[in-house]
Amino acid sequence: MSLYLGVDLGTQSVKVLVFDADARRVIARGQSALPPLSMPRPGAAEQDPQDWWSAFEAAMQEALATEGVDRSAIAALGVSGQQHGMVAVDEAGQVLRPAKLWCDLEASAEAEAHSQTMPYPVPAGFTAPKIRWFYAKEPKIAARMHRVMLPHDWLNLQLTGTFATDHGDASGSGLYDLEASTYLTEAAAAIDPDIVDKLPPILEPQAQLGTLLPQHAEHFGLPKDLPISVGSGDNMMSALGAGATEAGTWVISLGTSGTIFGPTPEAVLDPSGNVAPFRSALGGGLPLLCTQNCSTVVEEARAASGQSHESLSSAASILPLSADDPIFLPYLSGERSPNWPHASGVLYGLRQNSLQPERLYRTALEGASLALAQGMQHLVDLGLPLRTLRLVGGGANNALWARILCDLFGRPLEVVEESETAALGAAMQACWMHSEVHPRSLVPDSDGLTLRPDDKQESRYQELLQRFQALGQTLFASVFLLSFLGLASCSVAADGWRYGPEMQGYPTGYIPGAQVQIPWHQQDVIVMRAAANLTDRGDFGEHDNEEGGGGGLGVGWRRYEHQGYEGWLIGARLDAWSLDIDWRDDVPGSPRRGSTDALVLQPTLEGGFAWRLGKSAWTCDLTVGLGKEINLEENGESVGDGTIVLFGLTLLYNG
């Protein structure tokens with residue numbers, strides 16, 4: 001009998017299982033809870049790695065003490081871990097600060113800056129923005145950093161003394177080159193010229209990382225020189241454990257976050273950045289779409305009632321349903337797909353009895369599910385095949401939730417019997433390394449339930465999904481563009497100063513469609529843009545100059561003499577926000593630079609006229625203004641303050 005240990009370092013607990021490869025079944029388990037996440041600042045989510053080790057020891061002892069487990073028969077061990085975390089250690093291997101986790105969105109601004117150096121957008125939850133944040137916010141501590149790694153790498157380091165990672169977890173660092181299968185040294189050097197030397201070397205999927213250190217082998221009663229595989233991120237391992245080894249098989253995982261992932265022959269690059277360009281634990285691609293909030297949303301609804309999940313599910317399953325039921329945007333800690341880190345939860349469409357515990361509970365289940373369905377729609381739109389759906393994670397045990405997902409996706413849904421697929425995948429990888437038996441041959445036989453969609457619910461869920469998507473776009477899409485651009489502005493209208501809503505303390509308002517931008521101290525930055533903006537002005541009534549939404553495009557030319565590049569600029573406007581995208585030619589030998597971040601104070605004078613046709617109204621606004629631009633920076637390097645001269649001719653439509 002060959003036994004293999006699989007370890008999963010999660011956000012809420014550490015799990016260990018013992019896998020009998022010959023029988024293809026799990027024969028023992030252990031689990032130890034982790035302390036609640038530390039949230040010392042808005043957006044922060046941290047854990048002490050020492051708590052990981054303590055929980056690992058407890059879970060290991062529980063699994064190994066199970067009757068029937070022969071410790072001497074254990075042939076290898078593999079580790080799965082939560083992705084994207086940042087663990088920084090000094091030269092002695094001591095952790096310098098609490099680990100910043102995948103759900104930590106404190107580095108939103110750093111993610112925007114880092115994305116300028118990458119061939120694909122990098123969300124705030126990835127590791128690289130956290131490293132940038134560390135250097136910017138805690139420079140004295142960061143100066144002592146000798147190595148930086150992901151959570152599964154840290155646990156492997158404690159077990160073996162070997163510092164390395166795999167392609168799967170490395171691909172979620174925000175520093176990975178999909179084509180070269182290594183780190184993007186140029187992007188890394190933009191953080192710190194020495195950072196590449198501080199990152200773990202990347203090993204191949206079937207590689208042996210090392211052997212268990214003698215003191216740990218003695219402590220746990222395990223064989224001397226026990227081989228340990230390279231391991232991977234929890235999503236990569238969960239794909240193995242769920243049997244998703246062929247293209248077209250997609251895993252829906254209901255955990256703290258919600259994820260949809262599946263194997264592809266090659267890595268998939270999504271220009272929008274909503275789909276993470278991961279590599280799998282088998283060497284191919286593992287495109288993954290992650291929603292920031294999943295089981296936490298359902299738990300919030302349960303906790304508000306004080307009832308159990310079982311009683312609420314039972315009551316919610318017999319509720320009358322309609323397409324006008326309330327909608328829950330589940331963005332309690334921002335959102336990652338779409339990339340709206342500043343979004344918040346919204347309960348919309350309340351009517352009488354909407355706040356009954358069972359109704360609120362079902363609304364939370366549907367909100368988390370609608371976010372996943374929106375993600376699956378995006379994956380299909382990218383041209384990825386969809387043949388099989390498999391449900392895993394703690395939420396898979398909720399029969400009502402599984403039914404909702406099956407009806408919403410409109411496809412058969414297999415509920416995987418083994419709930420701890422990440423730990424199982426880690427054990428399967430260890431077996432692959434040790435015995436060369438491919439993971440596809442190790443997947444346990446499943447007696448899990450297969451659900452089939454109820455055709456009567458199809459139209460209701462399609463309407464709910466459309467309402468869900470429209471509501472999110474209305475409330476949060478333009479706010480994300482603002483946070484990406486980093487602008488703050490105000491405007492002057494005929495009725496006086498006018499300010500928009502605040503985002504992170506910055507007042508926002510009208511941004512005109514044409515700019516000439518000249519720095520105050522260095523006369524070497526020129527931006528010219530002309531734009532015609534088609535804009536929804538809201539309900540005119542008697543007020544023809546009310547602010548509204550809409551959008552437009554402009555084109556211009558930018559030259560940065562001292563930074564060594566020039567190029568074309570495209571500007572886009574949506575609602576009150578604008579976004580510039582540069583195409584530039586670098587001067588040979590000059591460093592690659594990103595776009596300018598600026599805090600802009602923008603007094604603006606408006607005037608215009610309007611006419612109507614039926615229920616529609618058109619407005620033509622002429623905008624001129626003179627403003628002061630401060631905190632002008634180029635990749636963190638001050639370029640000086642500046643003045644802004646604004647000219648705008650805007651065509652507006654109220655439908």
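Put simply, the side chain of Val87 does not reach to within 4.5 Å of the side chain of Asp153, judged on heavy atoms. Counting heavy atoms from C-beta outward, Val268 and Leu384 have side chains that approach closer than 4.5 Å. Within the 4.5 Å cutoff, the side chain of Ile141 has heavy atoms near those of the Phe134 side chain. Looking at Asp104 and Met86, their side chains never come closer than 4.5 Å, going by heavy atoms from C-beta outward. Gln83 has its side chain within reach of Asp234: a pair of non-hydrogen atoms, C-beta onward, lies under 4.5 Å apart. Counting only heavy atoms from C-beta outward, the side chains of Phe56 and Val7 approach each other to under 4.5 Å.
No donor-acceptor contact under 3.5 angstrom links the side chains of Ser173 and Thr127, judged on distance only. Inspection of the Gln82 and Gln12 side chains reveals no N or O donor paired with an N or O acceptor under 3.5 Å. Defined by atom type and a distance below 3.5 Å, a donor-acceptor pair is present between the side-chain atoms of Ser80 and Asp8. Looking at Tyr135 and Asp192, their side chains do bring a donor and an acceptor atom within 3.5 Å of each other. Residues Thr11 and Trp102 bring a donor and an acceptor atom of their side chains to less than 3.5 Å of each other. No hydrogens or angles considered: a donor-acceptor pair under 3.5 Å links the side chains of Gln429 and Ser229. Asn293 and Ser333 are linked by a side-chain donor-acceptor pair at a separation below 3.5 angstrom, with hydrogens and angles left out of the test. With no hydrogens or angles considered, no side-chain donor-acceptor pair links Asp169 and Ser232 at under 3.5 Å. The closest side-chain donor-acceptor pair between Trp53 and Gln158, if any, does not fall under 3.5 angstrom. Side chains of Thr291 and Glu335: a donor-acceptor N/O pair is absent below 3.5 angstrom, by distance only.
Ring centers of Phe278 and His84: under 6.0 Å apart, within the cut-off. No close placement of the Trp133 and His114 rings is indicated, their centers lying 6.0 Å or farther apart.
Counting non-hydrogen atoms of neighbouring residues, nucleotides and ligands closer than 6.0 angstrom, the CD atom of Gln215 exceeds 12 such neighbours.
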Taking it one step at a time, do Leu159 and Leu77 satisfy side chain to side chain contact (heavy atoms under 4.5 Å, CB included)? CA-CA 10 Å; Leu159 292 171; Leu77 180 152; 4.1 Å; yes

Apply salt bridge (charged side-chain N to carboxylate O under 4.0 Å, His left out) to Arg144 and Glu91, showing your working. CA-CA 8 Å; Arg144 295 163 48 203; Glu91 194 165 2; over 6 Å; no

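In summary, Glu246 and Arg440 engage in a salt bridge, as defined by a charged side-chain N under 4.0 Å from a carboxylate O.
Using the six-membered ring where Trp is involved, Tyr331 and Trp340 have ring planes that are perpendicular, over 60° apart on the 30 and 60° scheme.
Separating the CG atom in Leu269 from the OH atom in Tyr120 is a distance of 8.0 Å, to the nearest 0.5 Å.
Figure legend: cation-pi geometry between Arg279 and Tyr176 absent, as NZ or CZ is not positioned both under 6.0 Å from the six-membered ring centre and within 45° of its axis.
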